[in-house]
Amino acid sequence: MTNEKDLSRIVTDNLGEVTREWVVKLKADGTLQTGRIKESELETECRRFLELAASEMFKPGDSAQLGPIHDMLGSLSRSRALQGFTPSETSNFVLAVKLPLFELIGRQLGPAEQAQTMMALTAFIDRLALFTIETFQRSREEVIIRQQREIAELSTPVVRLWGGILALPLIGTLDSERTQVVMENLLQSIVEYSAEIAIIDITGVPTVDTLVAQHLLKTVAAARLMGADCLISGIRPQIAQTMVHLGVELNVVSKASLADALALAFQRVGLRVISTAPEPRAGLA
Amino acid sequence: MTVPTGRDDVMSIRTADDVVRVRQEVRSRALEIGLGLVDQTKIVTAASELARNTLDYGGGGEVRIEIVQNGGRRGVRLTFEDNGPGIADIELAMKDGYSSGKGLGLGLSGARRLSNEFSIESTPGVGTRIVIARWT
Ligand SMILES: Nc1ncnc2c1ncn2[C@@H]1O[C@H](COP(=O)(O)OP(=O)(O)OP(=O)(O)O)[C@@H](O)[C@H]1O
Ligand SMILES: [Mg+2]
């Protein structure tokens with residue numbers, strides 16, 4: 001269709017101008033007010049969209065050809081969702097391009113072509129706006145799921161296994177203020193129970209990087225100053241290998257499982273576990 | 001020849017939460033291409049180091065996560081980029097135990113050991129760009 005070709009060409013020829021007008025419109029709509037994105041970023045996004053649009057959108061055909069523009073809008077909507085934009089702010093990004101494009105069409109195309117081109121353009125932009133909202137929605141759901149996971153991680157209690165033996169089962173991501181709280185809890189409990197041994201179990205920690213290692217080292221050192229020895233348990237094989245490559249050394253006794261660590265702890269405080277179950281008789285399955 | 005396949009993601013790194021998100025995304029991409037548990041853990045850990053450096057020293061930036069193909073092998077390639085102060089002495093920064101902050105100084109050198117490919121470019125006053133990859 002000739003007018004589609006024309007639209008593509010006039011957008012390409014007037015890229016700078018349309019971008020500017022679009023950014024002005026977005027600013028008037030308050031896009032930059034919250035300071036969550038910078039004007040230069042916004043400009044880059046607008047320009048990128050128009051470049052893709054000029055090469056893709058004005059061609060006839062189905063949405064299969066919209067790959068690149070969907071990818072671009074998809075990642076834009078996702079980051080908007082994470083940055084806390086509202087759905088209407090997010091979809092307005094695309095909707096706001098209509099005005100400068102309509103004006104461009106008005107200036108550059110003959111009256112006969114104008115109506116048809118504008119109709120096609122409107123349908124196209126509206127479809128993208130819907131796509132934007134859908135992606136936004138999906139990203140928000142992902143955020144909620146992640147937050148639920150994080151909340152679950154909040155509850156990391158120090159448990160007293162026996163007399164002076166404490167355990168701190170760590171679960172989840174460790175690099176945030178949460179770590180600080182967890183570690184302080186442990187030190188407090190050491191004082192409270194006059195604990196001799198604290199077992200830090202990291203079975204539930206998915207990644208042990210230098211920051212996590214540093215937190216562990218600090219805790220071990222602080223516990224030592226308070227008279228308690230730390231044992232680390234639950235270092236899974238893949239974590240152990242990774243730590244070796246990373247070059248971190250915890251310089252603390254570690255055991256594969258919490259059970260092994262507890263056995264060692266009992267031994268150190270002079271306790272023995274004795275089975276009171278009757279000896280199984282030979283010959284019985 | 002190495003060719004990118006499929007979608008690639010650019011994630012911004014501006015907060016500690018972003019570092020967590022980067023790790024989660026890298027893990028799911030590593031799973032997707034069938035990296036084993038050890039390799040997954042390695043690339044995720046390397047990503048964690050570089051993402052945190054981008055945040056702490058680079059003043060924030062972004063990472064591009066790509067799935068790449070080389071013959072029959074698939075890989076995850078990560079490109080970390082920031083417009084921060086850059087690294088004046090790369091050799092020093094790569095040394096085990098060197099930290100200009102309060103770190104262990106093992107992030108950069110560790111990330112190199114944890115990856116199959118590692119390259120670093122940095123210009124003082126302009127920024128830093130680090131590319132790593134891990135192959136199946
Ligand atoms: N993106 C960056 N921009 C500027 N400087 C950097 C960047 N990444 C690393 N550096 C410099 O290189 C040094 C070494 O980095 P490395 O990650 O090895 O150690 P660290 O971050 O200080 O400690 P760790 O990672 O062990 O917690 C840093 O202290 C910093 O000075
Ligand atoms: Mg580091």
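Numbers restart at 1 for each chain; the letters A, B, ... are given by sequence-line order, proteins then strands.
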With a cut-off of 3.5 Å and sequence neighbours excluded, list every side-chain donor-acceptor pair involving residues 237-250 of chain A.
| residue | atom | partner | partner atom | Å |
| --- | --- | --- | --- | --- |
| A/Thr242 | OG1 | A/Gln238 | O | 2.7 |
| A/His245 | ND1 | A/Gln241 | O | 3.0 |

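- Residues that satisfy the side-chain contact (heavy atoms from CB on, under 4.5 Å) test with A/Leu130, not counting sequence neighbours, are absent from this structure.
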Original post:
Given B/Thr41 and A/Arg236, is the side-chain contact (heavy atoms from CB on, under 4.5 Å) satisfied, shown in steps?
Top reply: CA-CA 11 Å; B/Thr41 309; A/Arg236 285 160 295 149; over 6 Å; no
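- For A/Thr210, the parts lying near chain B are the backbone and the side chain together; criterion is any non-hydrogen pair under 4.5 Å.
- Residues that satisfy the salt bridge (Lys or Arg N to Asp or Glu O under 4.0 Å) test with A/Arg36, not counting sequence neighbours, are A/Glu89.
- Contact annotation for B/Arg112: neither backbone nor side-chain heavy atoms come within less than 4.5 Å of a heavy atom of chain A.
- For B/Thr45, the parts lying under 4.5 angstrom from a heavy atom of chain A are both the backbone and the side chain.
- Side-chain contact check for B/Arg27 versus A/Pro206: some heavy-atom pair is nearer than 4.5 Å.
- For the pair B/Arg14 and A/Glu41, the salt-bridge criterion is met [side-chain N within less than 4.0 Å of a carboxylate O].
- Taking each heavy atom of B/Glu49 and A/Asp209 in turn, the nearest pair found is OE2-CB, 3.0 Å.
- Contacts between residues 86-105 of chain B and chain A, counted as heavy-atom pairs separated by less than 4.5 Å, involve B/Lys102, B/Gly103, B/Leu104.
- Within a 6.0 Å radius of CZ in B/Arg21, more than 12 heavy atoms belonging to other residues, nucleotides or ligands are found.
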